[in-house]
Amino acid sequence: QRFNKGQQQPKPVEKIAIIGAGIAGLSLAHALENSQSCAKPYTDALSLSSSYSSSTESSSAPFGIETHIYDSRASLNFETGAGVQINGGARTLQKINADLHKSVVDAALPLKTIRSRTKPWFGTSDFATLLELNLKEIIQQTGGAVEEELIVDGEVMAYTIMRGALQEVLLNTLPTDTSSRISFGKTLVGINNDKNKNGIMCQFNDGSEEGPFDLVIGCDGINSAVKEYIDHGSISSNAGEKRSSAIYSGIRIQYAVQDGSDETETESSELVQYFGDGAYALAGVYGAGEKRKPTKGAFLISRDEGYIGPFKKRDNEINNDISKANENSDWTQDVQSLESEMSTCIKDRNVPSLQVGPIVDNSDRFFELGVYFHNPFSLSGWSREVRGSGGGFAVLAGDAAHAMPPFLGQGSNQAIQDAYCLGSKIFEHNAHCERILSSMGDDENNIEMDQGKPSLRNLLKEYENIRWAPTASITLKAGLLGYLETGNKGFLSGFRDAFFFVAGKIGLARKVFLDSATPRLE
């Protein structure tokens with residue numbers, strides 16, 4: 001394949017709008033402006049060039065891409081949110097930037113063990129044990145690519161950390177120029193082409209317009225405005241008319257967060273499930289930041305009385321005062337009512353309260369979220385060209401692309417992997433552009449192109465294809481687990497207990513956990 005000098009030269013990606021400053025958005029900013037690994041295709045091409053490209057000379061970013069981050073919140077509140085576990089995400093952060101990974105590890109706690117327990121089967125014991133996973137042991141037993149990815153230099157890539165602490169590290173470790181380009185209080189309300197066909201313009205709720213951009217990347221969560229644009233070609237101007245594709249699962253989660261104290265001091269963490277009837281709880285200790293005392297967290301997951309799975313019961317079957325739980329993306333707190341509700345639910349649904357009860361009684365903050373997800377079999381895909389923009393695209397990452405139920409603990413992990421994979425594909429495109437630009441000075445009338453090198457459109461599709469399969473698989477498995485784990489009293493809860501007990505014995509639980517935890521980046 002040859003490139004004729006009379007043809008239009010492929011355009012490099014130089015300026016990107018990232019919508020959302022959550023874990024996906026901040027990780028993506030690192031991948032694009034703070035990662036030698038992601039940028040390697042481009043820097044390799046640049047080192048072979050006869051001259052530096054104009055994008056590198058004119059940009060304040062070290063790898064020729066300038067990111068601008070816009071978030072609808074007034075600021076990042078690092079005390080909001082519950083705890084998360086990071087495994088494949090931790091390994092991916094190490095690939096993005098080793099110093100960034102170290103900063104996250106210093107703020108987190110190593111996760112050693114995961115246990116599942118249920119209400120006692122016999123006698124007067126507090127619980128019956130269904131399964132236990134020693135993470136280092138099961139990774140070593142599995143071996144191969146799993147061990148290569150999840151044990152690095154003897155260190156197991158599994159940690160617990162508060163969501164706010166993770167965001168704080170991601171924000172504070174950004175290059176200074178990058179962090180100076182973060183704008184808060186900006187809700188995206190429009191995506192349009194630049195009048196001169198030089199890129200994409202973004203309109204915000206405060207009346208401002210920013211751009212032009214070569215890409216607009218939606219990291220704006222489950223009710224993503226960028227996803228609405230990709231699905232429908234426009235963004236609703238009225239928030240009440242927003243065409244959201246989020247599906248309510250009929251499951252709600254209540255969180256109790258107990259801030260660090262002398263009694264929470266520990267060098268490692270374990271996560272313990274406690275199954276009851278129609279509900280279960282998860283107790284654990286989470287890193288809260290470097291040199292800060294760890295935080296205790298208790299999650300209470302229960303079926304919504306007004307729903308059977310994602311389907312609402314008929315009005316004559318339910319109390320009309322019952323409404324589905326909000327997605328609560330802003331993590332609005334509700335202290336007194338939730339404390340009482342959680343305590344009552346634990347008692348009424350026979351959830352063993354050995355660890356969970358004291359955390360609820362002594363917690364400082366409470367939150368409630370409905371569990372929402374996206375149908376992974378969307379026909380719209382994860383990207384869309386903005387017509388009239390000169391080849392600009394809108395594309396999705398994180399929950400905006402594949403919001404999933406949290407029952408495998410993979411939301412943050414998959415968002416970080418999206419960032420690495422998408423960043424690498426963008427740099428692959430820019431490397432291709434650099435090679436062509438460098439060759440333009442040759443005396444020959446025709447210039448050799450990379451044989452079969454895909455366009456930006458195809459590279460974005462490659463990113464989607466790489467990331468769709470693992471995220472779709474996790475979404476389906478996590479959804480099934482959520483309904484199984486909240487089985488009602490009688491046959492369903494008994495079946496659940498038997499399933500988990502057998503799954504632990506035959507290695508199925510190990511396989512499901514490690515398949516989800518192992519990063520899938522290519």
Is a side-chain donor-acceptor pair under 3.5 Å present for Lys186 with Ser72?
-> no

Taking atom types as modelled and ignoring hydrogens, do the side chains of Thr518 and Glu149 form a donor-acceptor contact shorter than 3.5 angstrom?
-> no

Find the distance between OG1 (Thr475) and CZ (Phe407) and round it off to the nearest 0.5 Å.
-> 12.0 Å

Is the gap between the ring centers of Tyr463 and Trp468 under 6.0 Å?
-> no

Nearest heavy-atom neighbours spanning Leu170 and Thr173 = O-OG1, 3.5 Å

What closest approach, in Å, do Ser37 and Tyr420 show between heavy atoms, and which atom pair accounts for it?
-> OG-OH, 3.3 Å

So, Arg520 and Ser473: side-chain donor and acceptor under 3.5 Å apart, yes or no?
-> no

Kindly state each residue pair satisfying ring pair (Phe, Tyr, Trp, His ring centres under 6.0 Å) with at least one member in residues 155-212, sequence neighbours excluded.
-> Tyr70-Phe204

Kindly assign one of parallel, tilted or perpendicular to the pair Phe299 and Tyr286, based on the angle between their ring planes and the thresholds 30° and 60°.
-> parallel

Sequence neighbours excluded, the answer for salt bridge (Lys or Arg N to Asp or Glu O under 4.0 Å) partners of Asp220 is none

Side chains of Ser380 and Asp231: is there a donor and an acceptor less than 3.5 Å apart?
-> yes

With the side chain counted from C-beta on, respond yes when Leu26 and Ile18 share a heavy-atom pair under 4.5 Å apart, and no when they do not.
-> no

Any side-chain donor paired with an acceptor under 3.5 Å for Asn430 and Glu428?
-> no

Exercise: do His374 and Asp399 side chains pair donor with acceptor under 3.5 Å = no

Option among Ser236, Ser244, Ser234 that satisfies the side-chain hydrogen bond (donor to acceptor under 3.5 Å, both in side chains) test with Glu228 | Ser236

Of the options Ser27, Pro519, Cys421, which is the one that meets Thr92 in a side chain to side chain contact (heavy atoms under 4.5 Å, CB included)?
-> Pro519

Point-to-point distance, once rounded to the nearest 0.5 Å, from CD1 of Ile16 to CD1 of Ile200 | 10.0 Å

Who pairs with Glu209 by side-chain hydrogen bond (donor to acceptor under 3.5 Å, both in side chains), at least two apart in sequence or on another chain?
-> Gln203

Looking just at side-chain N and O atoms, do Gln414 and Arg467 make a donor-acceptor pair shorter than 3.5 Å?
-> yes

Under 3.5 Å, is there a donor-acceptor pair linking the side chains of His432 and Glu434?
-> no

